[in-house]
Amino acid sequence: MGVRLEDIQRAAQVLHGRILRTPLVYSPTFSRLFNAEVYLKLENLQKTGSFKIRGATYKMFRRRGDLGPKGVVAASAGNHAQGVALAARQAGVPAMIVMPEWASLTKQEATRSYGGHILLHGRTLGESLEKAKELRERGYTFIHPYDDADIITGQGTIGLEILEDCPDVQAVLVPIGGGGLIAGIASAIKAVRPQTEIIGVQAEVCPSAWQALREDRVVRVEGSQSIADGITVKELGYEPFATIRSSVSQVVLVDEEHIAEAILLLLERKKVLAEGAGAVPLGALLMGRLRWPSGAKIVLVVSGGNVDSPLLGRILTKGLVKGGRVARLTVELPDVPGSLAGLLAVVASQGANVLHIAHNRHVPHLPIHVTLVTLEVETRGFAHAASLLSAVRLSGYTLVGCRPPRETACQALF
C-alpha cells in the first residue's frame, strides 16, 4: 500500500530537532545551462553527510520500545552505517554495524565516531547483510537500508521540505539505489501535488530500477563498479518498487563520464561537494535526455557528500579530462640541455599550465640522443587544447600519437 502522507508528516515531527532541515538553493548557472529554474536539495549538508540519517532516526524513535535488548544491527559500507550509528546514539541504544572487509578506513572511522561498533565480515555487501540478519537471533533489531516502511517514511520528509520551499515544483530528480529515498519523496510529493513529475536516476552500470520497471517486477542485475557506489544496488527493494511503479514517471541512466563531470561542476560552480550518487541527477541533465518547457522548476536531490579523498582526486581529474581542461601530449625531444626549456616556452606562450612532466629515455626505436617527454597540462577547454597542439607542431616538435582534441574524446590529447 505504500506510505501515507500523514505518516510522513508525523515523521517530520519526530525528526524535528534531531536532524537538519537542509536548504533548497537556486542555481543561476545550471538554470542558464538547462533553460529552466534549477534548484538543489542539499542533503550532503545533512548530519553524517547523507539523507540516510532521516529514515534511521525515525525507525529507531518510532520503534524504540520494541528494539532488541542488545540494540540495533545494520549492514553497510558507508552512508547507512553512519546514519544508523548516529541515530542509535541519539536514541540511547547500542548499534552494531557489519561492514564488508573492503570497507574504506575513512568510513569505518566515521562510523565509529558516531558511536557504532564495527564488525568486519564478508567479501561482498550481501555477505555482510546476511551476517547482520543472523545477529537478530542474538537480541538485535535489524535496520534495513531501504526495504522498510519506516525507513521510506523517514526519507519522505525530504519531499515535504521540497514542497514547503518550492510549492509549484514541476519535476524532482532523485538518485535510486535500493529505492527507499525515491519511494519516500514520491509518496510525499504525489500526495500533495500529483502533477509533479518524479524521475529516478541510476548509474548505467547497475540499472536495477530501470530493469525492474521494464519487466514490471523486481529483478537482480549484474552491476559493476561505479563512481556512484552509493546507488550500485543490484536488486531494488520490494516495498519501494510498489511506489516507484505507481508514482515515478521514468528512470534514466547516467554513464560514468557524466557522473564525474557533474561532481566537478557542482564543486566548481556551486562549491557543493557531492558523492557520485548525489551527483547523478545533474549528470542526467548533462546527458541531455530530459526535456521540459522553458523555465520549468526542477529540483535535483543531492543525496550525499561522503566521498573518500583519494577517490575524489581521481574523479576530479576524470572530469577535467572529459571537459578538455586537462591535456596530455608526448614529444620527441633532443636529450640536450635547453631542449625542455624550449618546449615549455611554447606551452607558456599559449597560456597553458604544466601539471606533470615525465621523461622516458628507454624507448627501443628511438635514437640514443632522443627522449620522449610527456606533458600533462591544464587548458581552458578543447579549443585551447587544439591551439596548444598546433603551436607545438608549428614550433618544429614531433608529437607522438597525438590527434586533434574533440568533445567526444575521453582525453584532450593522446
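As a basis for the values below, the full set of heavy atoms in this structure was taken, side chains included, without hydrogen atoms, waters or symmetry mates.
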Asks: First locate atom CG of L285, then atom CZ of F34, and finally report the distance between them rounded to the nearest 0.5 Å.
Replies: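 With rounding to 0.5 Å, CG (L285) is 4.5 Å from CZ (F34).
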Asks: When rounded to the nearest 0.5 angstrom, what is the spacing between OG1 in T124 and CD in E130?
Replies: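 One finds 9.0 Å between OG1 of T124 and CD of E130.
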Asks: Are any side-chain N or O atoms of Q46 and backbone N or O atoms of F51, one a donor and one an acceptor, separated by less than 3.5 Å?
Replies: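 Side chain of Q46 to backbone of F51: no pair is present.
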Asks: Would you confirm whether K190, through its side chain, and T196, through its main-chain N or O, come within 3.5 Å as a donor-acceptor pair?
Replies: yes
Asks: List the residues meeting side-chain contact (heavy atoms from CB on, under 4.5 Å) with T157, not counting sequence neighbours, and say none if there are none.
Replies: I8, A11, A12, L15, R54
Asks: Working note: D308 + S104, criterion side chain to side chain donor-acceptor pair (under 3.5 Å); need CA distance, chi angles, decisive distance, verdict.
Replies: CA-CA 8 Å; D308 292 336; S104 76; 3.3 Å; yes
Asks: Check for a donor-acceptor pair, side chain of R193 on one end and backbone N or O of P167 on the other, with a separation under 3.5 Å.
Replies: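 Yes: the side chain of R193 pairs with the backbone of P167.
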Asks: What's the spacing between I298 CD1 and L40 CG if we round to 0.5 Å?
Replies: 11.5 Å
Asks: To the nearest 0.5 angstrom, please state how far the NZ atom of K59 sits from the CG atom of D150.
Replies: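 These two atoms lie 4.5 Å from each other.
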Asks: If every non-hydrogen atom of A81 is compared with every non-hydrogen atom of T111, which pair is closest and at what distance?
Replies: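 Smallest heavy-atom distance, with atoms named: CB-OG1, 3.7 Å.
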Asks: So which atom in A277 and which in I231 form the shortest heavy-atom distance, rounded to 0.1 Å?
Replies: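 Minimum heavy-atom contact is CB-CG2, 3.7 Å.
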Asks: Output yes when a side-chain donor or acceptor of R291 lies under 3.5 Å from a complementary backbone atom of G288, and no otherwise.
Replies: yes
Asks: For L86 and K47, which heavy atoms make the closest approach, and how far apart are they?
Replies: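 Smallest interatomic distance, heavy atoms only, reads CD2-CB, 4.0 Å.
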Asks: Quick test of your reading of the model: are E261 and R325 salt-bridged, counting only N-O distances below 4.0 Å?
Replies: no
Asks: Please name the pair of heavy atoms, one in Q82 and one in A110, separated by the smallest distance, quoted to 0.1 Å.
Replies: OE1-CB, 3.6 Å
Asks: Would you say the side-chain atoms of S387 pair up with the backbone N or O of A383, donor to acceptor, closer than 3.5 Å?
Replies: no
Asks: Side chain of Y39, backbone of L300: donor and acceptor closer than 3.5 Å?
Replies: no
Asks: Under a 3.5 Å cutoff, is there a donor and acceptor pairing between the side chains of T330 and T374?
Replies: yes
Asks: Does the pair V373 and I357 meet the rule for a side chain to side chain contact (heavy atoms under 4.5 Å, CB included), with working shown?
Replies: CA-CA 7 Å; V373 174; I357 301 175; 4.0 Å; yes
Asks: Who pairs with Q225 by side-chain contact (heavy atoms from CB on, under 4.5 Å), at least two apart in sequence or on another chain?
Replies: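 Not a single residue meets the side-chain contact (heavy atoms from CB on, under 4.5 Å) criterion with Q225.
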Asks: Assess whether a salt bridge exists between K41 and E161, defined as any Lys/Arg side-chain N lying under 4.0 Å from an Asp/Glu carboxylate O.
Replies: yes
Asks: Is there a side chain to side chain donor-acceptor pair (under 3.5 Å) between R393 and S390? Walk through the geometry before answering.
Replies: CA-CA 5 Å; R393 282 199 174 111; S390 177; over 6 Å; no
Asks: Would you say K270's side chain and L267's backbone share a donor-acceptor pair under 3.5 angstrom?
Replies: no
Asks: Does the side chain of E197 pick up a donor-acceptor pair with the side chain of W292 at under 3.5 Å?
Replies: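 The answer is yes; a qualifying pair exists.
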Asks: Regarding S303 and E43, do their side chains bring together a donor and an acceptor under 3.5 Å, going by distance alone?
Replies: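 Result is no, nothing qualifies.
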Asks: Which residue pairs satisfy the ring-ring contact (aromatic ring centres under 6.0 Å, His included) criterion with at least one member in residues 80-132, sequence neighbours excluded?
Replies: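 Every pair satisfying ring-ring contact (aromatic ring centres under 6.0 Å, His included) with a residue in residues 80-132: there are none.
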Asks: Testing the basics here: between V301 and P175, what is the closest heavy-atom pair and its distance to 0.1 Å?
Replies: O-CD, 3.5 Å
Asks: Please round to the nearest 0.5 Å and tell me the distance separating atom CG of N79 and atom CD1 of I53.
Replies: 11.0 Å
Asks: Does A103 offer a backbone N or O that forms a donor-acceptor pair with the side chain of Q108 under 3.5 Å?
Replies: yes
Asks: Could you check whether any side-chain N or O of Q90 sits under 3.5 Å from a backbone N or O of R18, counting only pairs where one atom can act as donor and the other as acceptor?
Replies: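 Confirmed, Q90 side chain pairs with R18 backbone.
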Asks: Sorted by first residue and then second, give each ring-ring contact (aromatic ring centres under 6.0 Å, His included) pair with at least one member in residues 134-154; sequence neighbours left out.
Replies: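 Residue pairs passing ring-ring contact (aromatic ring centres under 6.0 Å, His included), neighbours aside: F142-H144, H144-Y146.
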Asks: For N360, is there any backbone N or O sitting under 3.5 Å from a side-chain donor or acceptor partner on T371?
Replies: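 Checked: pair present.
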Asks: Flag the pair L42 / V272 as yes when at least one side-chain heavy-atom distance between them is below 4.5 Å, and no otherwise.
Replies: yes
Asks: With D147, which residues qualify under salt bridge (charged side-chain N to carboxylate O under 4.0 Å, His left out), at least two apart?
Replies: none
Asks: Quick one: closest heavy-atom pair of A296 and A36, and the distance?
Replies: O-CB, 3.3 Å
Asks: Enter the distance from I143:CD1 to I151:CD1 here, rounded to the nearest 0.5 Å.
Replies: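 Going from CD1 on I143 over to CD1 on I151, the span is 6.0 Å.
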Asks: Just checking, any donor-acceptor pair under 3.5 angstrom between side chains of S31 and E37?
Replies: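 The answer is no; no qualifying pair exists.
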Asks: Applying side-chain contact (heavy atoms from CB on, under 4.5 Å), name anything that partners R380, two or more places apart in sequence or on another chain.
Replies: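 For R380, the residues satisfying side-chain contact (heavy atoms from CB on, under 4.5 Å) (neighbours in sequence not counted) are H384.
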Asks: I need the single residue from H369, H359, R361 that forms a side-chain hydrogen bond (donor to acceptor under 3.5 Å, both in side chains) with D335. Which is it?
Replies: R361
Asks: Please check if any side-chain donor atom of S50 sits under 3.5 Å from a side-chain acceptor atom of N306, or the reverse.
Replies: no
